[in-house]
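Written below as structure tokens is the structure these notes are about.
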Number of protein chains: 2
Amino acid sequence: MKANLEDIALAAGVSKMTVSRVLRGGTGFSAETRDRVMTIAQRMGYVPNRLAAAFGSDQASTLVGMCVPRLTSGLFGHVLDGVDRALSRLGYQLMIGANNHSAEEEEAWIRQVIAWRPAGFILSGRIHTPGTVDLLREATGPVVEIWDLTTSPIDLSVGFSHVDCGAEMAQFLLRRGRRRAGYVGALARADVMGAARLEGFQSTLARAGHPLVASEVLHDMPGFYAGYYGLETLLSRQPRLDVVYFHNDEMAIGGLAYAQSRGIRVPEDLGIAGWGGMEAASILPRRLTTTIVPTTAIGKAAAEALVARLKGEGGPEVTVIPTRLEPGETG
Amino acid sequence: MKANLEDIALAAGVSKMTVSRVLRGGTGFSAETRDRVMTIAQRMGYVPNRLAAAFGSDQASTLVGMCVPRLTSGLFGHVLDGVDRALSRLGYQLMIGANNHSAEEEEAWIRQVIAWRPAGFILSGRIHTPGTVDLLREATGPVVEIWDLTTSPIDLSVGFSHVDCGAEMAQFLLRRGRRRAGYVGALARADVMGAARLEGFQSTLARAGHPLVASEVLHDMPGFYAGYYGLETLLSRQPRLDVVYFHNDEMAIGGLAYAQSRGIRVPEDLGIAGWGGMEAASILPRRLTTTIVPTTAIGKAAAEALVARLKGEGGPEVTVIPTRLEPGETG
DNA sequence: GTGAAAGCGCTAACAG
DNA sequence: CTGTTAGCGCTTTCAC
């Protein structure tokens with residue numbers, strides 16, 4: 001990496017400052033100067049040094065740090081996609097990390113990334129260590145917490161309520177006449193949001209007088225396998241259920257496969273409901289009863305809220321992106 | 001962000017240099033000095049400025065840029081995960097971007113990211129613009145091309161051969177007695193790797209005297225829908241097929257759903273084969289015939305090759321991570 | 001075991 | 001419209 005502003009300045013017979021102004025597309029130079037500088041920069045294969053720029057000016061960072069629970073989650077893949085599209089269009093660069101549902105790993109990651117003086121952060125979830133909060137409070141840039149709405153966000157927040165998702169599904173299943181509900185989840189304590197959905201589900205059932213009959217929460221990745229074996233375990237312990245709510249759609253589809261393998265008819269013998277809205281769920285022989293989460297929209301809104309704040313445009317502190325219950329044919 | 005090396009130096013009664021040495025865990029200071037400096041740094045909530053460090057030294061960058069075709073791909077999610085785990089363990093930070101299967105978008109992304117002077121790059125695919133190659137040749141750091149093995153990598157390469165995947169599947173299906181094969185793909189020209197698999201598939205069939213009967217390549221995202229409707233279209237044009245090879249497992253599962261909805265028996269009436277090895281595929285009523293790609297291993301190997309090169313440890317230029325044909329029960 | 005000086009490439013602030 | 005000066009926080013180099 002050779003050419004710098006000075007090299008171009010020398011070749012163009014102007015000062016570094018003029019080159020800097022031209023290259024950043026500002027004002028204060030003649031059209032002729034601009035063309036000359038641009039041509040020379042091009043010819044020299046000039047690559048700006050953002051390190052120097054950001055270091056020297058502190059306004060100039062276009063780095064955004066984003067931390068998700070897992071990089072292998074289909075839902076967060078879409079959130080990332082929404083963030084990435086919005087940010088790259090606006091000229092920002094994304095640094096990512098995964099925290100494996102651990103607030104401590106999140107703090108460790110932030111500690112690394114904050115040293116690069118990013119313009120802002122997008123975090124998922126509302127659970128953070130005190131160390132994280134300190135770090136972020138001293139940092140100058142905006143922080144957007146996505147996915148789960150927080151009553152008191154660190155700064156900005158974009159998402160929806162997981163408790164409400166669970167409650168809404170419980171109401172729906174009750175309306176469909178279900179009375180003996182079970183739950184199959186995964187990741188246990190680590191996934192706070194799954195727990196929030198279960199909480200909303202459970203308390204709504206209880207208030208309606210038909211409390212949750214049984215639940216099985218595996219210490220495993222919340223995927224197809226866990227859904228399959230989770231349902232098997234749950235039914236072996238408590239065969240008399242008329243519906244099962246799953247941690248997510250992957251697990252629900254695993255449960256569906258288990259039911260099919262055992263000749264359990266869905267939804268006649270057993271209702272099955274998921275959460276998330278993965279694409280596969282809508283093309284099953286019977287469309288899955290689930291909650292559709294507008295993942296890409298959340299990512300986009302988060303990125304835009306961050307940039308708006310950066311530009312001092314001030315929008316709402318909390319942005320609600322509503323989920324939608326998809327009745328489907330399995331519930 | 002207030003405290004810097006000088007503040008700590010003042011408070012500790014030593015020079016900036018000594019503080020710098022202590023904080024980086026080097027040598028050349030007494031245990032007593034170390035403890036005093038560490039305590040003060042902690043108390044002041046010192047956050048190092050990597051911008052300044054990397055700018056001043058050019059050895060100090062621990063940024064790694066990684067570009068994938070799509071952030072929403074299940075397979076690349078696992079690759080990212082492998083990369084992220086390996087890199088974060090080794091103290092590097094990841095900058096990511098998506099190129100939507102476009103070499104031009106990749107170049108635009110690299111042009112942004114290279115300005116931050118990353119230690120190296122991980123790119124997916126072997127197709128790059130001349131501009132990209134120029135940019136990367138002048139950059140000092142290592143470049144790892146993953147996913148598809150290149151005959152002449154820019155620098156390092158980790159992956160497998162997509163042509164071989166297609167060829168191997170063709171041989172397998174021929175051995176199972178299939179004679180009239182079709183293909184359903186998506187994304188057309190944009191996804192060069194899918195095209196490579198088709199090429200291997202097609203040429204192997206032709207050499208065996210049972211050439212590909214029909215193919216349908218949609219201009220759409222390669223997901224369940226496309227598989228469902230792609231198979232519908234293909235069969236409407238050419239009903240007399242005995243097996244269909246799909247672009248990937250998502251599409252194959254979509255195809256399976258279509259077959260089921262039409263009462264087509266799989267594998268008796270029609271064989272179905274996918275590619276990729278998504279988790280869902282192994283829990284279907286019948287295990288999907290597919291090629292399992294060790295995605296996480298590829299990510300891990302790529303990250304490790306990059307870091308080994310960075311540390312001057314010199315390993316192989318090309319690392320083959322073999323795929324595995326899963327016979328399954330649908331082919 | 002420790003310190004002083006120089007400089008990385010850029011931009012802000014001011015001068016002309 | 002253009003140039004000069006100073007300085008961002010760190011590391012490298014050399015001196016003690």
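In what follows, chains are A, B, ... by sequence order, proteins preceding strands, each numbered from 1. Note that the coordinates shown come from a computational prediction; the quantities given were computed from them, not determined experimentally.
The closest donor-acceptor contact from the side chain of S88(B) to the backbone of D84(B) lies under 3.5 Å. For the pair Q93(A) (side chain) and Q112(B) (backbone), a donor-acceptor distance under 3.5 Å is absent.
A straight line from CG of D7(B) to C1' of dG9(D) spans 11 Å, rounded to a whole angstrom. Note: CG (D35(B)) to P (dG1(C)) measures 14 Å, nearest angstrom.
Under 4.0 angstrom from either OP1 or OP2 of dT4(D) there lies no side-chain N or O belonging to S15(A). Side-chain N/O atoms of T18(B) include one lying less than 4.0 angstrom from OP1 or OP2 on dG3(C).
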Contact state string [nucleotides 10-16 of chain C, B base, S sugar-phosphate only, - no protein heavy atom under 4.0 Å]: BSBB---
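Neither side chain, H128(B) nor E107(B), offers a donor N or O lying under 3.5 Å from an acceptor on the other. Between the side chains of T62(B) and R50(B), at least one donor N or O sits under 3.5 Å from an acceptor N or O.
Between H78(A) and F76(A), the gap from one ring centroid to the other reaches at least 6.0 Å.
Residue-level contact check: T33(B) touches the backbone only, with heavy atoms under 4.0 Å from sugar-phosphate atoms and none from bases.
Checked for salt-bridge contact, E304(A) and R89(A) meet the test: a charged N lies under 4.0 Å from a carboxylate O.
End-to-end axis angle for the helix from dG1(C)-dC16(D) to dG16(C)-dC1(D), using five pairs per end and rounding to 10°, comes out at 30°.
With V144(B) as the partner, the side chain to side chain contact (heavy atoms under 4.5 Å, CB included) test is satisfied by one option alone out of V83(B), L156(B), T319(B): L156(B).
For residues 35-48 of chain A, no residue pair satisfies the side chain to side chain donor-acceptor pair (under 3.5 Å) rule, not counting sequence neighbours.
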